[in-house]
Chemist: 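I have a structure I would like to understand better, so I am pasting it below and will then ask my questions one at a time.
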Number of protein chains: 2
Amino acid sequence: MNNEHDRLTIQQVADTTGLSVHTLRYYERIGLIHPIGRAENTHRRYSLEDIGWINFLNKLRATGMSIQEMQVYAGLQRLGDETLPERLEMLKRLRHTVEERIAELQENLKIVNYKIDLYQKIVSEQTPPIAVP
Amino acid sequence: MNNEHDRLTIQQVADTTGLSVHTLRYYERIGLIHPIGRAENTHRRYSLEDIGWINFLNKLRATGMSIQEMQVYAGLQRLGDETLPERLEMLKRLRHTVEERIAELQENLKIVNYKIDLYQKIVSEQTPPIAVP
DNA sequence: CTACAACTTAGAGTATGCTCTAAGTCAAGC
DNA sequence: GCTTGACTTAGAGCATACTCTAAGTTGTAG
């Protein structure tokens, strides 16, 4: 299933996922990533599935999910298909919080825009394009 | 301009702004809030303008602006109207980053939704509404 | 008068999420 | 044989943003 070409070093994974090698080891240590397979020399070798999982973790992080919640999710994932309903619930809750977060940002954006308009007016009044004597 | 009714205690401000009294003192200490006026007994007394500023700070924080950037903004604000163009620039940059953040969240939401749909299907197949022999 | 609540300060402590260091192993190239 | 570079581990350190503690003051109520 995985030939030698599919098995990447930690540095390669860092380059392709955007996580640092430190962070990759950290994620593995805290259980976000399952124990990665090793080459004969004890060096980690990541499979393509591992990359897929790490990319998904990155998406979860980008939604603002905390490390702790991701640990729960990763734990459920490892328990197999019978935890699908729980993971589904987590994702639905995540969707909800992300939607709320977007709405909040849009509200705050309005306020920022209002302030920009206000300041823009004052600034343009102070320094008209061409001074008229 | 400010009568006794307009001058709130730190606890009242905490209640109305949602910040803790600790955070209010912390914000003042690091220059996010200018030195608040005191009653005869050295206790802080916040004016309505102070409340307005604190509420604005809360909006900036909610957009994800860092404390450090807010310190810069607060510093410019204290320098008066001649810093309006700089503050305008900061707000425009903020608008941009918030718009990007919203777009990113919406992208990630798509992925979460895709996963929800997928899991939903699997789960509903595993446990049909009524088992048919 | 004393108890209490609300405040004050300086400074220490905490949670989160990394990020780095030190010391060591190992394979490949010169 | 030796250097180089990529990896390994355990554990320390760091940036951010609070959050809390200890010790003290003050004004009011009983």
Chemist: Show me the pairs that pass ring-ring contact (aromatic ring centres under 6.0 Å, His included) and involve residues 62-91 of chain B, at least two apart or across chains.
Modeler: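 Every pair satisfying ring-ring contact (aromatic ring centres under 6.0 Å, His included) with a residue in residues 62-91 of chain B: B:F56-B:Y73.
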Chemist: If I take atom CD in residue B:E69 and atom P in nucleotide D:dT16, what distance separates them, rounded to the nearest angstrom?
Modeler: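 Taking CD of B:E69 and P of D:dT16, I get 12 Å after rounding.
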Chemist: Not counting sequence neighbours, which residues clear side-chain contact (heavy atoms from CB on, under 4.5 Å) with A:Q68? List them please.
Modeler: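 By the side-chain contact (heavy atoms from CB on, under 4.5 Å) rule, A:Q68 matches A:S66, A:Q71.
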Chemist: Examine C:dT8: is either OP1 or OP2 under 4.0 Å from a nitrogen or oxygen in the side chain of B:R44? Give yes or no.
Modeler: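 Yes.
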Chemist: Once you round it to whole Å, what is the distance between C1' of D:dC7 and CG of A:L8?
Modeler: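 One finds 15 Å between C1' of D:dC7 and CG of A:L8, rounded.
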Chemist: Could you identify which residues of residues 22-31 of chain A place a heavy atom less than 4.0 Å from some atom of DNA chain D, listed by residue number, or say none?
Modeler: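 A:R25, A:R29 - these, ordered by number, are the residues of the stretch whose heavy atoms sit under 4.0 Å from the strand.
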Chemist: Please enumerate all residues that pass side-chain contact (heavy atoms from CB on, under 4.5 Å) together with A:R38, with sequence neighbours excluded.
Modeler: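 With sequence neighbours excluded, A:R38 shows a side-chain contact (heavy atoms from CB on, under 4.5 Å) to A:E28, A:R44, given in chain and number order.
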Chemist: To the nearest Å, give me how far apart CG (B:L32) and C1' (D:dA17) are.
Modeler: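 Computing the B:L32:CG to D:dA17:C1' distance gives 11 Å.
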Chemist: Any pair with a residue in residues 107-117 of chain B that passes salt bridge (charged side-chain N to carboxylate O under 4.0 Å, His left out), sequence neighbours left out, goes on the list, sorted by first then second residue, please.
Modeler: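 Residue pairs with at least one partner in residues 107-117 of chain B: B:E107-B:K110.
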Chemist: Could you state the interatomic distance from CD1 (A:I67) to OH (A:Y27), rounded to the nearest 0.5 Å?
Modeler: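 Taking CD1 in A:I67 and OH in A:Y27, the distance rounds to 4.0 Å.
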Chemist: Output one line per pair: protein atom, nucleotide atom from nucleotides 26-30 of chain D, and distance, for all N/O pairs under 3.5 Å.
Modeler:
none

Chemist: Which of residues 56-67 of chain A sit near DNA chain D, with a heavy atom under 4.0 Å from it?
Modeler: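 Contacting residues: none.
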Chemist: What residue pairs, at least two apart or across chains, pass ring-ring contact (aromatic ring centres under 6.0 Å, His included) with a residue in residues 86-124 of chain B?
Modeler: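 Qualifying pairs, neighbours excluded: none.
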Chemist: Over how many whole Å does the gap from B:L19 atom CG to D:dC18 atom C1' extend?
Modeler: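 Computing the B:L19:CG to D:dC18:C1' distance gives 11 Å.
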Chemist: Rounded to the Å, how far apart are A:I54 CD1 and C:dC18 C1'?
Modeler: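 Going from CD1 in A:I54 over to C1' in C:dC18 covers 16 Å.
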Chemist: With sequence neighbours left out, write down each residue that passes side-chain hydrogen bond (donor to acceptor under 3.5 Å, both in side chains) with A:T16, or none if nothing qualifies.
Modeler: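 If we apply the side-chain hydrogen bond (donor to acceptor under 3.5 Å, both in side chains) test to A:T16, skipping adjacent residues, there are no hits.
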Chemist: Could you tell me which residues satisfy salt bridge (Lys or Arg N to Asp or Glu O under 4.0 Å) with B:E104, sequence neighbours excluded, listed by chain and number?
Modeler: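 Listed in chain order: B:R101.
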Chemist: How close or far is atom P of D:dC18 from atom CD of B:Q68, stated in whole angstroms?
Modeler: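 Whole-Å distance recorded here is 14 Å.
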Chemist: Go through the structure and list residues passing side-chain contact (heavy atoms from CB on, under 4.5 Å) with A:R78, not counting sequence neighbours.
Modeler: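 A:R78 satisfies side-chain contact (heavy atoms from CB on, under 4.5 Å) with A:H34, A:A74 only.
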Chemist: Just checking B:T9: base, sugar-phosphate only, or nothing, at a heavy-atom cut-off of under 4.0 Å?
Modeler: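 Sugar-phosphate only.
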Chemist: Using atom CZ of B:R45 as one end and atom P of C:dT8 as the other, report the distance to the nearest whole Å.
Modeler: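 In whole Å, C:dT8 P and B:R45 CZ are 8 Å from each other.
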Chemist: Test of understanding: with side-chain contact (heavy atoms from CB on, under 4.5 Å), list the residues that count as partners of B:Q11, not counting sequence neighbours.
Modeler: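 Here the qualifying residues are B:T9, B:A14, B:D15, B:V21.
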Chemist: Answer yes or no: is there a donor N or O on one side and an acceptor on the other, between the side chain of B:S20 and the main chain of B:T23, under 3.5 Å?
Modeler: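 Side chain of B:S20 to backbone of B:T23, a donor-acceptor pair under 3.5 Å: yes, one is there.
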